[in-house]
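Heads up, the thing below is written out as structure tokens.
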Amino acid sequence: MYTLSFDFLRQYYPMLLQGAGVTLLLTVCSLALGFLLGIIVAIMRRSSSKIFRAIGAVWVEVLRNTPFLVQLFFFYYGLPELGINTNPILTGIIALSVNISAANCEVIRSGLMAVKNGYYECAYALGYSKFQTLRYFILPISLRIAFRPLTNNFINLVLNSSATFSITIVELMGSAKIISAYTSRPFEIYIIILVGYCIFTFVLSFISKYVDKRIAINL
Amino acid sequence: MIEVKNITKSFGDLTVLKNFTVNFKEEGVTVILGPSGTGKSTLLRCINGLENIDSGDILVDGLSVNDKKNLRHIRLNCGMVFQQTVLFPHLDVMHNMTVSPIKLLKLSKKEAEERAEFYLNKVGLISKKKSRHNELSGGEQQRIAIARALMMNPKALLLDEVTSALDPEMSSEVLNILEKLAADGVCMLAVTHEMSFAKKVASRILFLDKGSLVCDEPVERFFRETRNENERISRFLNFIGE
Ligand SMILES: Nc1ncnc2c1ncn2[C@@H]1O[C@H](COP(=O)(O)OP(=O)(O)O)[C@@H](O)[C@H]1O
Ligand SMILES: [Mg+2]
């Protein structure tokens, strides 16, 4: 019978921690970038310009109907062809941000649609410009509405980030692969990784519930 | 202060205001009456540039609404309160009051809060300064909206049926506030169906029907003579039970 043994951890835990650190770096950077991109594309999709709306729609449809792994390889091999030389981490961040921006766009867009016309008019009547109205009122209101689904997207982002090991990034998944090759203890190491991702996402969803309660609004 | 010069405004095929001309001075309360759908709201919305006019011109403080660059100045000078109040739901009452003077008039937070306390006292709602919109009654929200408009020190208040969505008790709270403001000399253009308010507070009555000005008279004459002379007006007043 197979007996589990976690002895290798004593030697390899720094590598795991480093991997977790890289995962954190990837997800935090992509979270910020993907959030901004999501807002921009959502606003484009609601613009009065047909061209902007079309670009936004194509952006979302392409990203939502293709596998993340393919998108990742597209950036990994495609960016250098365009003369943009990046390191794998940066490529990973770009791919993850672009990928999550599509989902973010859709939830932000429905948040924007939930904001009644009356709020715009009221702000215009007070003397705010279009941009100021968006900045001070419409976005703060719709982002509060969209907050929960946005955090779900973020959890997906954390999970997706594990695919970036395939472009040589040694994040959590990548470090697990290496350790398992050295130790021949793949079962144990993947148990640890599974638990690790679980803890990561549980903590995130806990924080998100807490924050959501504090910023929730009644329209 | 507000000069509406021969304006025309249509929505598609529907001409709502036809060659409409009227002037408002910097003082007093003008009540705008008329059956619904005759363009009263549209007139107010054209004055502060929420609707574009097709032809003619409106000058507020000498500035034309046709020039987009003037809109901010015009809107700061004409505070507007709508039938459906919109307090910003992510801000409490105090922040609803202070955000605009801070962002648009560059007041300091402290100055804005002092001004807000002054106006909240004026509308009798200082105790609600930490509340959100959903913790306030309709009448309270409307009083906050009026106070919020006053925060910008506008030269005139445009009031579009501000009591129509309220029950009688709440609407009398709001009308009392407006009466106090009128006594303070705040210039108001008010669309309303509250005749007792019109009689008590207004100095001038405009009557609109089908997009044109049927009459423009001092309040005493309107209720004493015009209502009997003009068949359309007497029909309207009878209809609303006055
Ligand atoms: N944005 C709009 N689009 C199309 N028609 C409108 C619009 N706003 C108002 N109208 C029409 O214009 C007419 C006048 O409306 P309004 O000014 O709101 O009347 P009132 O305030 O006197 O009741 C109505 O027939 C209304 O249906
Ligand atoms: Mg109206």
Side-chain angles (χ1 to χ4, degrees), chain A residues 35-36 38-39 42-43 46-49 52 104 107-151 207-219, chain B residues 41 44-52 60 68-92 95-106 131-136 141-142 144-145 148-154 157-160 165:
Chain A
F35 178 64
L36 281 181
I39 293 177
I43 291 171
R46 286 177 53 81
S47 140
S48 51
S49 145
F52 279 143
N104 285 352
V107 297
I108 294 169
R109 195 159 70 103
S110 53
L112 288 169
M113 287 191 290
V115 178
K116 285 178 300 183
N117 204 23
Y119 291 109
Y120 290 86
E121 296 226 311
C122 180
Y124 295 152
L126 281 163
Y128 291 91
S129 67
K130 275 191 174 168
F131 177 77
Q132 290 173 317
T133 300
L134 203 60
R135 157 93 176 66
Y136 296 127
F137 305 111
I138 307 305
L139 275 179
I141 296 170
S142 39
L143 291 178
R144 278 170 169 82
I145 298 170
F147 184 76
R148 275 316 292 266
L150 277 174
T151 58
I207 296 174
S208 116
K209 269 191 203 124
Y210 175 78
V211 174
D212 188 54
K213 260 199 207 118
R214 304 213 44 176
I215 64 169
I217 46 168
N218 292 298
L219 280 183
Chain B
S41 300
L44 294 189
R45 293 165 57 81
C46 287
I47 290 174
N48 75 350
L50 286 178
E51 301 286 356
N52 295 320
V60 176
K68 291 265 174 279
K69 284 199 298 296
N70 295 333
L71 284 184
R72 161 159 299 181
H73 187 85
I74 288 172
R75 287 168 181 171
L76 289 175
N77 274 321
C78 299
M80 182 148 183
V81 183
F82 302 87
Q83 176 176 345
Q84 299 296 340
T85 333
V86 260
L87 297 186
F88 297 112
H90 61 303
L91 302 175
D92 65 13
H95 285 94
N96 260 286
M97 299 280 288
T98 56
V99 58
S100 310
I102 291 173
K103 302 290 183 208
L104 301 177
L105 304 180
K106 306 292 173 215
S131 303
R132 292 288 174 106
H133 75 119
N134 54 321
E135 299 159 347
L136 301 167
Q141 291 187 40
Q142 204 58 295
I144 302 286
R148 183 176 64 182
L150 292 170
M151 288 291 285
M152 312 304 278
N153 285 339
L157 274 186
L158 310 180
L159 306 168
D160 192 2

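A, B, ... follow the sequence lines: proteins, then strands. Residue 1 opens every chain. Remember, it's a predicted structure, so these values are computed and weren't measured experimentally.
- In this structure, chain A has no heavy atom under 4.5 Å from any part of Val81(B).
- No donor-acceptor distance shorter than 3.5 angstrom exists from the side chain of Tyr128(A) to the backbone of Leu104(B), with no hydrogens or angles considered.
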Next item on the list: Tell me, with the steps shown, if Lys103(B) and Arg135(A) meet side-chain contact (heavy atoms from CB on, under 4.5 Å).
Entry: CA-CA 11 Å; Lys103(B) 302 290 183 208; Arg135(A) 157 93 176 66; 5.6 Å; no
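- Taking both residues in full, the closest heavy atoms of Leu76(B) and Leu126(A) are given as CD2-O, 3.5 Å, listed atom of the first, atom of the second, then distance.
- Between Val86(B) and Gly118(A), the shortest heavy-atom contact is CG2-O, 3.6 Å.
- The interface of residues 109-117 of chain A with chain B, defined by heavy-atom distances below 4.5 Å, is empty.
- When Ile215(A), Leu143(A), Ile145(A), Ile217(A) are each tested for a side-chain contact (heavy atoms from CB on, under 4.5 Å) with His90(B), only one passes: Ile217(A).
- Panel note: side chain His133(B), backbone Asn218(A); a donor-acceptor pair is recorded below 3.5 Å.
- Here the shortest heavy-atom pairing between Tyr119(A) and Pro89(B) reads CE2-CD, 3.3 Å.
- Counting heavy-atom neighbours within 6.0 Å of Phe147(A) CZ, excluding the residue itself, gives a total above 12.
- Between Phe137(A) and Phe88(B), the two ring planes are parallel [angle under 30°; tilted spans 30° to 60°].
- Residue pairs meeting the salt bridge (Lys or Arg N to Asp or Glu O under 4.0 Å) criterion with at least one partner in residues 210-219 of chain A, sequence neighbours excluded, do not occur; the list is empty.
- A donor-acceptor pair is defined here as one N or O able to donate and one able to accept, closer than 3.5 Å; no such pair exists between the side chain of Arg75(B) and the backbone of Ala125(A).
- The two residues Gly127(A) and Arg72(B) make their nearest non-hydrogen contact at O-NE, 3.0 Å.
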Note to self: Does Met80(B) form a side-chain contact (heavy atoms from CB on, under 4.5 Å) with Glu121(A)? I'd like the steps, not just the answer.
What the structure shows: CA-CA 10 Å; Met80(B) 182 148 183; Glu121(A) 296 226 311; over 6 Å; no
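- Residue Leu158(B) does not touch chain A at all, counting heavy-atom pairs closer than 4.5 Å.
- Going from atom CG of Leu87(B) over to atom SG of Cys122(A) covers 7.5 Å, rounded to the nearest 0.5 Å.
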